[in-house]
There are 2 protein chains.
Amino acid sequence: MKRPPKAPSITVSDVARQAKVSKATAARVLGGYGRVSKTVRAAVLEAAKALDYRPNELARSMTTGRSGSIGVVVGDIENPFFSLAVRGISDVARLSGINVILANSGEQVEAEKNAIRVLMAKQVDGLIVTPAQSGEIAHLVEIACSACPLALLDRALPDLDVDTVTVDDRDAALRATRILTRAGHTRIAYMTAAVLSGDFRGGESRINTSTVRERILGFLDACQEAGIERAERNIRFGSGRSETSRAAMHGLLQSPDRPTAILASDSVVALELFKTIRECGLHIPQDMSLITFHDADWTSVTTPPITVIDQPVYALGKSVAELLIRRLKGDDRPPERIILPTTIIERMSVAQVPDVITQATA
Amino acid sequence: MKRPPKAPSITVSDVARQAKVSKATAARVLGGYGRVSKTVRAAVLEAAKALDYRPNELARSMTTGRSGSIGVVVGDIENPFFSLAVRGISDVARLSGINVILANSGEQVEAEKNAIRVLMAKQVDGLIVTPAQSGEIAHLVEIACSACPLALLDRALPDLDVDTVTVDDRDAALRATRILTRAGHTRIAYMTAAVLSGDFRGGESRINTSTVRERILGFLDACQEAGIERAERNIRFGSGRSETSRAAMHGLLQSPDRPTAILASDSVVALELFKTIRECGLHIPQDMSLITFHDADWTSVTTPPITVIDQPVYALGKSVAELLIRRLKGDDRPPERIILPTTIIERMSVAQVPDVITQATA
DNA sequence: TTTTCTTGTGAGACCGGTCTCAAATGGAAA
DNA sequence: TTTCCATTTGAGACCGGTCTCACAAGAAAA
């Protein structure tokens, strides 16, 4: 823990000495600011090359106050949704010569807080966050009030008026659920990995994360439209990759009044569901219809292929990054909330409900 | 591009003034070094809290010379293989209070070089790289010679003697191919996303990336063992997600002497293949057997589920990170090359070749 | 020729920490 | 009481850049 051999790196002063000019002059040509004569510039450049000078970005950042990097905090980098969004972000960042420090919150607020603290200490110029928990946003509010621009990805926070990019969750859920109700389903479950802070019990107003709330709203809209009562009973939170959630899924699928259709909030949940449905000896779509958010690559190769809500994930990342970088450049327009449209890709995972057909013909 | 409002942050001096002690003393308690009396410590801490002091990690890094972060350069963060490995790395890093700056090379050497340059300028304490190209490693050699520890993930470089963690690629390929040969296959293709620098033509010695070379060696071993001649004809490079590679796949699958079995080098290639095989109206496993490296989550839900080589991907990331961090702490044992074992998970994507059965019964 | 302006350069402060060194304090030993 | 040593504290250099300011020299204007 003691000796980092401390490579004696080449500094501006070294170059200056070699080029026989002052440190200030060398710094000017090396840093690309101020005015220098052609001859001196050439001399300095030559000296720099000879010495193999590499600027110390840290030192530079310290004086300028800008680190040239932005922090990105996502829930779970393993979720292909986030990987893709992150690529959108980094592609944009690269174009502006900004680099990205990535942190994983594992959807834990504490980890999120910690990640943000570390990123701030590293003096990131801006922050893109996918808030893990809707209840605790004090740390985000604090950032928003500070000089460091903050942008929200995929999940809006009503109480936090900052640049935000989401998709038309409510509408997407509505349309997806409608496909289900129109196929005659009346027992429809909505499964999300999100955890509820507090208790649900029908008060969707208590759900603070826009993504979750909007989707539930859309889901309930469609259910109501179809005359399905107490649809909110079938909303399941916390359906992650954990053991408990698997057990819960099993329980749900094996109960006598199990749903005949499920809407999954992301492809990870959907995959778990897909496996569990099989394990329970059920068949998609005959015994169980399934629609999921996110057109993950595998959804088209299963048997049957899954009907999905295709979100513009890459564009989502691209847009927040653009918004944030614009802000970094000094733009001070009021915060923008961009909502990107989604499409539904109908595949083979939704079936007509038999008794509806029976009823219809009876 | 001009005015970053420059939040006037609280510094040690501010805290010192408030606590009525010298800057040095305040720094001691805030930085957690040296000796300070209980009373003074309490006073400083209180002042710090009152002022809401946050250390500037950049300034700290500048004097100490250690930035507390490591750089990770992977080929494609969207590939679940890398996402998982990266999680392994960051989990370990977090435990040591080190954070990770992630960069994507897109498997392009130039991007890789650039990413490394940026990361070095940011004074990362160490570097983990998945070398994109085997031919151009001058930039890596340079790092290896410098004071900054370098570790290689998944791909070894024979000419670069640094800490490296890979899997038993040769053996894995051998065993996988054997499954195929034992099922009677004689026309077996090996498809990798890797691009060859130069030309292949049977000289596997010219392939510098260990992963690719070892796998090919294992593949050829098994073919030879089964008496298959000129097996190297069926090695296909550059099978990425691109249009050209799809076209190539189509060509291969529709040719009259198409292979009856394929070994895919990663799950992204395998998924492309899976889709293409379907598009060509072929069926797995009757018309085409398929085995792939990496037990990606979707491989178990397809029809049929895919036989895979299960690599300990998370452990791969975990191990390199551990190696690198040990090195950061001053360990100077000679470089280690760790090879992790793989398992084969046999599912339903391999079929017996009919004419072999015929022969056997004849 | 003298004055004024422009341009190039150097000296040195500064960013926010760490860390060395010397001085001050106080208790124990002589 | 005097001497010595350990502990605590302060002053200030330093890390590697940026940037302000003053000054010198040459060009243009008077």
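Each chain gets a letter, A, B and so on, in the order its sequence line appears, and its residues count up from 1.
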N/O donor-acceptor pair under 3.5 Å between [X] side chain and [Y] backbone:
{"X": "A:Thr25", "Y": "A:Val21", "result": "no"}
{"X": "B:Thr39", "Y": "B:Ser37", "result": "no"}
{"X": "A:Asp125", "Y": "A:Gly68", "result": "yes"}
{"X": "B:Thr11", "Y": "B:Ser13", "result": "yes"}
{"X": "A:Asp163", "Y": "A:Pro335", "result": "no"}

So how far off straight is the helix from C:dT1-D:dA30 to C:dA30-D:dT1, going by the axes through five pairs at either end, to 10°? 50°
Could you tell me whether [X] and [Y] make a salt bridge, using a distance below 4.0 angstrom between a side-chain N and a carboxylate O?
{"X": "A:Glu107", "Y": "A:Arg155", "value": "yes"}
{"X": "A:Lys113", "Y": "A:Glu110", "value": "yes"}
{"X": "A:Lys329", "Y": "A:Asp331", "value": "no"}
{"X": "B:Arg326", "Y": "B:Glu336", "value": "yes"}
{"X": "B:Asp332", "Y": "B:Arg327", "value": "no"}

Within [range], residues whose heavy atoms come under 4.0 Å of DNA chain D:
{"range": "residues 46-58 of chain B", "answer": "none"}
{"range": "residues 35-43 of chain B", "answer": "B:Arg35, B:Val36, B:Ser37, B:Val40"}
{"range": "residues 14-30 of chain B", "answer": "B:Val21, B:Ser22, B:Lys23, B:Ala24, B:Thr25, B:Arg28"}

Would you say a side-chain N or O of B:Tyr33 is under 4.0 Å from OP1 or OP2 of C:dC19? no
Can you tell me which residue pairs pass the ring pair (Phe, Tyr, Trp, His ring centres under 6.0 Å) test with a partner in residues 38-70 of chain A, sequence neighbours excluded? none
Picking from C:dG17, D:dG16, C:dG16, the nucleotide nearest the side-chain atoms of A:Ala59 would be D:dG16
Could you state the atom-to-atom distance from [atom1] of [X] to [atom2] of [N] in whole Å?
{"X": "A:Gln123", "N": "D:dT18", "atom1": "CD", "atom2": "P", "answer": "17 Å"}
{"X": "B:Met62", "N": "C:dG17", "atom1": "CE", "atom2": "P", "answer": "11 Å"}
{"X": "A:Arg60", "N": "D:dC15", "atom1": "CZ", "atom2": "C1'", "answer": "15 Å"}

Could you tell me the separation between the CD atom of A:Gln123 and the OG atom of B:Ser61, rounded to the nearest 0.5 Å? 9.5 Å
To the nearest 0.5 angstrom, please state how far the CG atom of B:Leu51 sits from the CD1 atom of B:Ile10. 4.5 Å
Do B:Glu112 and B:Val129 have side chains that get closer than 4.5 Å, going by heavy atoms? yes
Side-chain contact test, heavy atoms from C-beta onward, threshold under 4.5 Å: evaluate it for A:Arg337 versus A:Asp161 and give yes or no. yes
Could you write out each protein N or O paired with an N or O of nucleotides 22-24 of chain C at a distance under 3.5 Å?
none

